Structures are given as structure tokens and as C-alpha cells.
Amino acid sequence: MSEQATSQKLTELAKRRGYFFQSSSAYGGVGGFYTFGPQGAALKGNLEDAWRERFAVSEGNMEIDAPTIMPEPVFESSGHLDTFDDMLIECPECGESHRADHIVEDNTEYEDAESLPIPEVEEIVAEYELVCPSCGAGLAGQAIDDFNLMFATNIGPGDAQPGYLRPETAQGIFVEFPRLKEYARNTLPFGVTQIGRAYRNEISPRRSIIRTREFTQAELEYFIDPEDEGPDLSSVEDVSVRLYAVGEQQADDGSIRETTIGEAVADGTIADPWVGYFLGVSQEWYASVGVDMDRFRFRQHLAGERAHYASDCWDAESEIDGNWIEIAGFAHRGDYDLSKHAEGSGDRFTVFRQYDDPQTVERATVDPDMSYLGPEFGGDAGAVVDALEDLAVSDREAFEGEHVEIELAGESHEIPVEKTGFSVDEETIAGEHIIPHVIEPSFGVDRLLYTVLHHAYAEDEVAGEERTYLELEPEVAPTFVGVFPLQSDDDLEATAREIATELRAAGLSVTYDDSGNIGRRYRRQDEVGTPFCITVDYESLEDGTVTVRERDSTAQKRLPVDDLAETLAALRAGDVAFEALEG
RNA sequence: GCGCGGUUGGUCCAGUGGUAGGACAUUAGCUUCCCAAGCUAAUAGCCCGGGUUCAAUUCCCGGACCGCGCACCA
């Protein structure tokens, strides 16, 4: 079976069995939007729960849930208004679209064409007689399209304030930093997670749910002290990883570096130990939810590819149809985001770092007697105070005599020292305000879901009949167990329904099915990836046991109904293997 | 956004200037003591708009959507 065929079969299966499908198709459909069906929504929820458990709960991080619409100034500060705004110019000859700002920068002395207004760029194109990079046709007179990847909207009625649907969830965390740091009791490091939707008005959505206009991200923003030397790597240093670092990419000979997190951090391949830590945690987590590690790697961003503020950046990639797709990004963003929001908002986006040993400094200050300076200098009194303050800092000795001399507008004035309130005090400085740095692991949930389905897709033969099944991990499988009566029979059906009800009460995702023969029902569950099926037969009515059948092996065991909920819960949690069960 | 190809029951496809057929799936009944079996029946479809025509699912034009290539993917 070719990879291409797998992808087509998977899309067909996803539609037929309720994993995902094009939205609004009754109205002709709309590009780049997908609805997750009953199975897909459950799988997505399970993946999000697993992510939350690993990256929020286990790590001791805080989860928040911010709005998807934010006002324009947020995106002015974050840089998205500029960088998500493309100037496209279309060639009248060959019809290809190009970035007008790039053409201008490449062929003229203008260096930052992106920041110029569109009419000006159009003028430059005409003035320099710039041509299409593809076919050489002249571009003068062609209109430049302003294309912003962010969805714009208005907040409130009337002269509403402009807002945008967030193009990434991260800003919802960054803008709330001043409050979030309070919840973290002003101590670094701390992490904040968010699982939510983000929106990008893609020019050309493609390839099923891999590139859509509305998608779900699971992001962690981990705030560290800029001088932080990194985490304890002992829990991840032995994790084997496949790294497609800059060197391998430049060699372009298909090589990949097989190493461990510990080694890669030690030899500097992974520049930042925090990034290394999250790569290790993520790889193990990906494996636990069913990503095939033979079709998984970490790829380092090339210098020209990463954002200017990111010092080291890696993507997690999975292989689909022979292509590598990005399913997560890991970036050291420095203090870029918090600095920008501090600048844009005027709020303080810092944490107070106490020194190990408080520093004591001597400070010379003045506390002038205004009842003297006021009458004496009138409107110039304020300027006199400023001059005294400056002088206290720059020249304490000036205050040693009876009078202190200051210059004001070229004139010299003498002021009695006793009226200046001059004093030298010891002051203790306990620490300083610092802007934390941010490590950002950012996961694409939809692409993960697609990868998990793709990697789970399997075909085999059972008793001479072809079978399609999804080898989903029990922890994330949307339906965990199917319950069937062996055949049409009131007693069997009643017992089977009872068992289904009990298992649901125990918190398991159960489906009941009495339609068609038993084999057909097994195949139905195989195709949606249900890991276990339970069949009630006549023996069950007598001795209280049922057949439990495992999806991947199709092996069966007879197990007592009394322990069923407990046994299944253990199977789901991975505490026990099916082969190891007595029965 | 450009180019090429495509769009017919739930799914995958065939086909036609006189409004359609198969396979699988689904539902009901029969059968069936563990892997898509069999029999009977039922449900269900020509992407949207305009044009040509006595008549358009079919031909033409435009649009939407899907796939692939180019571009884009901070």
C-alpha cells in the first residue's frame, strides 16, 4: 500500500466514520475549515487531556483560557500587524504572485520596504522598472494587494475598536503576564499553558486538516530568569532522539543525527538546555499517544528561517505520505514578547529578582525647604530643586560648606546648605526588576490528530478477509470498548446492555452494538480504533464471564464480569497488558 | 492567488442532451454459539448560479469546494 493511498483511505475513513470532514458543505463548503465528528472530537479531547496532564499538571504549570479576539494594540506590539501583512504583486504576464516588498528590497537600496505604505511601494516599482522574478515581465503599474493573514473584526457597536482573531494562542498568555506572575508568587521559573483555537486567513489552505484557517494549539510559555542555567536534565538525558540539525540539512545527503538529549545539549547541538529538556519530554509524550518514532524527528530551524528574536529553534516533525510536516515548534524567544508588551502597554512586565546578598550603597539626597526656595526663586524653584538633586549625586563635596552654589540659566546662586536638606544615607538594594526570557513549546493539535490517525492506520488479513484497523493507543482511542450480544436473543441483549451501562458508569467510553453478525461488529470497531470488544454469550448467562477481544491481535480471553470495569481501566491506563491477563 | 485535473446516494465509482446505475455501508426481518457470510426488503444522489436548447446532471460561462504544482506558511 502506497503512502498516497493511505492518505486517501484515511480521508475517506475519517468522513465515513466521523473523525473529521469539511465544514458547511450543505452550503458548498468553505475552504480551510473542518468539523471534527463524534470520533474526532473524542480523540481530540483525549489528546488534549493527555497533553494537559503532561505539560500542565505533571510539570506543575498553570493553565489559562484567554479570549480568541484581542484588540489591535496587542498585535501592534506583538509585531503581527506588520509581519502578518503581506504586499503581493501579481505578474501580468505569467500570473505569479510575489512579495512586492521582497522584490523592492532585492533590487533597490530600500532595506525595509515592508514598512512603507503601499502607494509608495507601487511608485518605487514603477520608478525602478522592476520586473517579475519568474518571467522578467515589467511590473510597473500593477496594483499591490494588501493581504493580512489575520482575520479582522470590530469590537462593539458604532465607531467600534478594531480587533483581530488571534493568529496564535501565545499572546493571550503574554499580555496577562503582570497578573500571571502574581499567581506564580513572583518567582521564576514558572510555566503557563493554554489549549485553544487560533486563526490565520491562509492564502491557500491545503492537505486536509494539515493546513486550515482555524486550528487548535496547545502552548506552553515557560518563563525563566535570563541567567537561569537550565533545568535538571536527569529525567530526559537518556532519551534517544533523531535530530535533523542545521549541519545535516546543509549536507542534504539524507543523514540524520541519532543521539540523546544529554549528549546533544552537552555538545551544543541543542544550544539551550531548557529547549533540550522540552524536546525530551515531548518526544516521550508523542510516543505515548501513538506517534510512530520511526516517522518522527526534530528539525533545527535554519538561520534565515527563524524569527529574529529566537536564538535556537526546533520543530518536531512527523512523516506523512513521505513528507515531513511540522507538528510542534520549540523556540527560545528571549525577552522579545514581554519587552514589546511592556513598551506597548506601559505596564511592568518584569519579575523582581532578589540578590543573594543585599547590596548596601551610600546615596546622597536632598530634601529642600520649599518655604525658603519658593519665595526666593518664584517660578524657578522647581528648576533649582532639580539642580540640587543633580548636584547631590554628582558632587557631594559641594554641600560641605555653609552655602552651596548652583547655576541657573547662566547665573550663579548661593543657597544655604541647611535649606537643602542634604544628607547621605545608606540604602539597601535587595534585588532588581528583570524581564524574564521565554521558552515556548507550541503544539499543533489538529496535525497531531492527523499524524496519530495516519500512523495508526493498518491493514492485515484475518481468516482470509482483509481488515482495516486503527492501532490507536487505548489512552486516546475515542471509543474504548464495544459491548455485543453474541446474537439476537433477548437474554443476551439484556445482559449486554447491563454491562454497557455499568462500564459507562465506571467512566469508560462504551459503544453497544447488536446489528449484523459478530464479525461485522468487530470490524466496525476495528475501523474506528476501539481497542477492546466484549461479547456476551450463553455461557455468560450461566457463569458470569464474557469474551474480551483485543483489537490488534484479535486474541480473545474469558474474563469475569465482576472485575470487568477494573480490568478494563487497568488496560486503558497501561498498568497491565492484555497478554498478561489470566483467562 | 495562478496553472492543471476533479465534484453523481453515507462512502467509492460508472453513465447519459429526454432527471440515473453498481459496489460497499446503513436500517428492518429471517438466519447465525465469536471475526465484514447468506436471503428478503427499505432508505438515499447528479456542488451552486447564469447561458444555449422544446428539454441540461450531461454542452458553454462564472463561482464554490477538493487534489496536485507554483507562490505563501511571521
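The basis for the numbers below is simple: all heavy atoms, side chains too, and nothing from hydrogens, waters or symmetry mates. Chain naming here is simple, since letters A, B, ... match the order of the sequence lines and numbering starts at 1 in each. Computed from a predicted model, the values in this text were never measured in an experiment.
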I'd like the C1' distance from B/U31 over to B/C13, given in whole Å. 31 Å
Would you mind classifying the nucleic acid contact of A/Arg523 as base, sugar-phosphate or nothing, using non-hydrogen atoms under 4.0 angstrom? base
Would you indicate which nucleotide in B/A36, B/C68, B/G1 comes nearest to any side-chain atom of A/Ser204? B/G1
A/Gln487 side chain near B/C34 phosphate (N/O to OP1/OP2, under 4.0 Å): no
Among B/U11, B/C66, B/A36, the one nearest A/Gln22 by side-chain distance: B/C66
Give A/Ser488 one of three labels, base, sugar-phosphate or nothing, depending on what nucleic acid heavy atoms sit under 4.0 Å from its own. base
For a quick check under 3.5 Å, do A/Asp312 and A/His301 share a side-chain donor-acceptor pair by atom type? no
Same-atom distance (P) from B/A41 to B/G5, integer angstrom: 44 Å
Is A/Gln556 touching bases, backbone alone, or none of the nucleic acid, heavy atoms closer than 4.0 Å? base
As an exercise, state the distance from CZ of A/Phe532 to CZ of A/Arg572, rounded to the nearest 0.5 Å. 11.0 Å
Look at the side-chain N and O atoms of A/Ser208 and state whether any lies under 4.0 Å from the OP1 or OP2 oxygen of B/C66. no
Separation of the P atoms in B/A36 and B/U19, to the nearest angstrom: 41 Å
So for A/Thr547 and B/C34, does any side-chain atom that can act as donor or acceptor lie under 3.5 Å from a complementary atom in the base? yes
Any N or O donor-acceptor pair linking the side chain of A/Arg206 to the base of B/G69 at under 3.5 Å? yes
Ignoring backbone atoms, test whether A/Lys15 places a side-chain nitrogen or oxygen under 4.0 Å from the OP1 or OP2 oxygen of B/C12. yes
Could you work out the separation of B/U40 and B/G49 based on their C1' atoms and round it to a whole Å? 44 Å
Base, sugar-phosphate or nothing for A/Arg211? Non-hydrogen atoms, less than 4.0 Å. base
Can you check whether any acceptor in the base of B/C33 is under 3.5 Å from a donor in the side chain of A/Asp537, or vice versa? no
Does A/Arg549 have a side-chain nitrogen or oxygen under 4.0 Å from the phosphate oxygens OP1 or OP2 of B/C34? no
Compute the centroid of each ring, for A/Phe443 and then for A/Tyr286, and state whether the two points are separated by less than 6.0 Å. yes
To the side chain of A/Ser515, which of B/G1, B/A74, B/U27 is closest? B/U27
Please evaluate residues A/Glu219 and A/Ser442 with respect to the criterion side chain to side chain donor-acceptor pair (under 3.5 Å), reporting the C-alpha separation (whole Å), side-chain torsions for both, the decisive distance (0.1 Å), and the verdict. CA-CA 4 Å; A/Glu219 292 192 311; A/Ser442 171; 2.7 Å; yes
Test the A/Arg299-A/Trp314 pair against the cation-pi criterion, namely NZ or CZ under 6.0 angstrom from the six-membered ring centroid and within 45° of the ring axis. no
Roughly how many Å is it from NE2 in A/His301 to P in B/C73, rounded to a whole number? 13 Å
Assign A/Arg524 to base, sugar-phosphate, or nothing according to its heavy-atom contacts below 4.0 angstrom with the strands shown. sugar-phosphate
Of B/C12, B/A74, B/A71, the nucleotide closest to the side chain of A/His80 is B/A74
Look at the side chain of A/Tyr522 against the base of B/C34 and say whether a donor-acceptor pair falls under 3.5 Å; ignore hydrogens and angles. yes
is_close_aromatic(A/Phe174, A/Phe349), centroid dist under 6.0 Å: no
Using a 4.0 Å heavy-atom cut-off across all strands, classify A/Glu326 as base, sugar-phosphate, or nothing. nothing
From the list A/Asp513, A/Thr530, A/Thr511, side chain to side chain donor-acceptor pair (under 3.5 Å) partner of A/Arg524 resolves to A/Asp513
Please check if the distance between the ring centroids of A/Tyr512 and A/Phe484 is under 6.0 Å. no
Gap in Å between the two P atoms, one belonging to B/G3 and one to B/U8, rounded: 23 Å
Atom-to-atom span, CZ of A/Phe532 to P of B/C34 - whole angstrom: 22 Å
When you check the phosphate oxygens OP1 and OP2 of B/A37, does a side-chain N or O of A/Asn517 lie under 4.0 Å from one of them? yes
Option from A/Asp491, A/Asp490, A/Asp514 for which salt bridge (charged side-chain N to carboxylate O under 4.0 Å, His left out) with A/Arg497 holds: A/Asp514
Hey, where does RNA chain B pair up into stems, meaning at least three consecutive Watson-Crick or G-U pairs with distances under 3.5 Å? B:1-7 with B:64-70, B:10-13 with B:21-24, B:26-30 with B:38-42, B:47-51 with B:59-63
Applying a 4.0 Å non-hydrogen cut-off, can you work out what A/Gly37 is touching in the nucleic acid: base, sugar-phosphate, or nothing? nothing
I want to check one thing: is the phosphate of B/C34, taken as OP1 and OP2, less than 4.0 Å away from some side-chain N or O of A/Arg521? no
A/Arg520 side chain: which of B/A37, B/C2, B/C35 is closest? B/A37
Which nucleotide sits closest to the side chain of A/Tyr34: B/C72, B/C12, B/G67? B/G67
